[in-house]
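The next block holds one structure in the form of structure tokens; read it before the comments.
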Amino acid sequence: MNVLGIDIGGSGIKGAPVDIEAGELVKERLRIPTPQPSKPDEVAEAVAEIVKHFGWSGPVGVTFPGVVKDGVVLTAANVDRSWIGVDAAGLFGGATVLNDADAAGVAEVTYGRGRGERGTVLVLTFGTGIGSALFTDGTLVPNTELGHLELRGKDAEHRASARAREEHELTWEKWAERVEEYLRHVEMLLSPTLIVIGGGASRKADKFLPHVHIDTPVVPATLQNEAGIIGAALAASRRS
């Protein structure tokens, strides 16, 4: 079964059909820059363009960078605030809509590095912000938003996201210190059995993870930046 997955991010909107059994993209993904300002109607047009590009008429899953409950957006940290209160599922023509980090986490736990892991598994995506997906024995606790934990008086993602590394022109080693500080904080709160690092930064894991030292095992995601697309498609397949 193939399902179209679309991943809305602060800088880009990406989509591709996904083979649900294999957990793999079946066509090359299409990426469209996120409209600026990233208001609902403009983003919906980009989503529709991806659907049209693949000539898609089947089920569609869409991720959103914020809290999503029953298809309705409740927070919008890295996109326009006019999203708050919007029925995103309705706006996207009845698509299945879920938090972007939750989608990435579901994909990683189903097909990737978290597969078969028992206990508390935490998937963290480092990109424009820090997304989080928390699992206990494989079951998702949705919309955790742990990137907004306070660290040194500000949102943790303002210090330790991949965007923060670029904005502050940090070396990989200096950024790793901030990542480690953040991971120690979530480790203290949750006592996870495994932490999986995903998002755009996972492609460069070899540059910073060797400098991160905490008690919990920390590993790079297997699906890297495709996890959101795959997880969105998987969520839609489970609903249809």
Show the nearest heavy-atom pair for residues [X] and [Y], with the distance to one decimal.
| X | Y | result |
| --- | --- | --- |
| Pro59 | Met1 | CG-CE, 4.1 Å |
| Glu21 | Tyr111 | O-CE2, 4.0 Å |
| Ser237 | Ile20 | OG-CG2, 3.8 Å |
| Ile6 | Leu4 | CD1-CD2, 4.1 Å |
| Ser132 | Leu124 | CB-CD2, 3.6 Å |
| Trp175 | Ala201 | CH2-CB, 3.8 Å |

Non-hydrogen side-chain atoms of [X] and [Y] separated by less than 4.5 Å:
| X | Y | answer |
| --- | --- | --- |
| Thr193 | Val121 | yes |
| Ile32 | Ile50 | yes |
| Val106 | Arg238 | yes |
| Phe135 | Thr120 | no |
| Thr75 | Val73 | no |
| Trp172 | His211 | no |
| Val18 | Val26 | no |

Nearest 0.5 angstrom please: [X] [atom1] to [Y] [atom2], how far?
| X | Y | atom1 | atom2 | value |
| --- | --- | --- | --- | --- |
| Ile195 | Glu187 | CD1 | CD | 6.0 Å |
| Arg31 | Ile13 | CZ | CD1 | 9.0 Å |
| His213 | Leu183 | NE2 | CG | 12.0 Å |
| Arg165 | Lys207 | CZ | NZ | 9.0 Å |
| Leu151 | His158 | CG | NE2 | 12.0 Å |
| Glu180 | Leu209 | CD | CG | 11.0 Å |

| Do side-chain atoms of Ser161 reach the backbone of Ala164 as a donor and acceptor pair under 3.5 angstrom? | yes
| Do Ser202 side-chain atoms and Gly199 backbone N/O form a donor-acceptor pair below 3.5 Å? | yes
| request: Starting from the C-alpha separation in whole Å, work towards a yes-or-no answer on side-chain contact (heavy atoms from CB on, under 4.5 Å) for Glu117 and Asp137. | output: CA-CA 7 Å; Glu117 293 284 348; Asp137 290 338; over 6 Å; no
| Could you go step by step and tell me if Val43 and Val79 meet the side-chain contact (heavy atoms from CB on, under 4.5 Å) rule? | CA-CA 10 Å; Val43 170; Val79 288; 5.9 Å; no
Distance-only check: which donor-acceptor pairs under 3.5 Å involve side-chain atoms of residues 82-105, not counting sequence neighbours?
{"unit_1": "Ser82", "atom_1": "OG", "unit_2": "Asp80", "atom_2": "OD2", "d": "2.6"}
{"unit_1": "Trp83", "atom_1": "NE1", "unit_2": "Ser38", "atom_2": "O", "d": "2.8"}
{"unit_1": "Asp87", "atom_1": "OD1", "unit_2": "Ala89", "atom_2": "N", "d": "3.3"}
{"unit_1": "Asp87", "atom_1": "OD1", "unit_2": "Gly90", "atom_2": "N", "d": "3.0"}
{"unit_1": "Thr96", "atom_1": "OG1", "unit_2": "Arg239", "atom_2": "NH1", "d": "3.0"}
{"unit_1": "Asn99", "atom_1": "OD1", "unit_2": "Ala101", "atom_2": "N", "d": "3.0"}
{"unit_1": "Asn99", "atom_1": "OD1", "unit_2": "Asp102", "atom_2": "N", "d": "3.0"}
{"unit_1": "Asn99", "atom_1": "ND2", "unit_2": "Gly66", "atom_2": "O", "d": "2.8"}
{"unit_1": "Asn99", "atom_1": "ND2", "unit_2": "Glu145", "atom_2": "OE2", "d": "3.2"}
{"unit_1": "Asp102", "atom_1": "OD2", "unit_2": "Asn143", "atom_2": "N", "d": "2.9"}

| Can you check side-chain contact (heavy atoms from CB on, under 4.5 Å) on Tyr182 and Ile130, steps first, answer last? | CA-CA 10 Å; Tyr182 170 68; Ile130 299 175; 3.8 Å; yes
| query | Between Phe208 and Phe126, how do the two ring planes meet: parallel, tilted or perpendicular, split at 30° and 60°? | reply |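 Answer is tilted, since the angle falls between 30° and 60°.
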| Salt bridge Glu181-Arg159, side-chain N to carboxylate O under 4.0 Å |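 Yes, Glu181 and Arg159 are salt-bridged.
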| query | Is it true that Glu177 and Lys174 make a salt bridge, defined as a side-chain N closer than 4.0 Å to a carboxylate O? | reply |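 Salt bridge: yes.
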Acceptor/donor pairs from residues 219-229 side chains to any protein atom, 3.5 angstrom cut, sequence neighbours excluded:
{"unit_1": "Thr222", "atom_1": "OG1", "unit_2": "Glu108", "atom_2": "OE2", "d": "3.3"}
{"unit_1": "Thr222", "atom_1": "OG1", "unit_2": "Arg113", "atom_2": "N", "d": "3.2"}

| Do Leu140 and Leu194 belong together in a cluster built from hydrophobic side chains that touch within less than 4.5 Å? |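 Hydrophobic grouping puts Leu140 with Leu194.
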| task | Answer with yes or no whether the hydrophobic clustering places Ile197 together with Leu170; edges join I, L, V, M, F, W, Y residues whose side-chain heavy atoms lie under 4.5 Å apart. | result |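 Yes; tracing contacts between hydrophobic side chains, which count when under 4.5 Å, links both residues.
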| Side chains of Asp7 and Thr63: do they bring a donor and an acceptor to under 3.5 Å? | yes
| Short side-chain donor-acceptor distance under 3.5 Å, Thr34 and Ser11 |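 Side chains of Ser11 and Thr34: no pair found under 3.5 Å.
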| query | Are Val60 and Val3 close enough, and set up right, to give a side-chain contact (heavy atoms from CB on, under 4.5 Å), and what steps lead you there? | reply | CA-CA 6 Å; Val60 178; Val3 177; over 6 Å; no
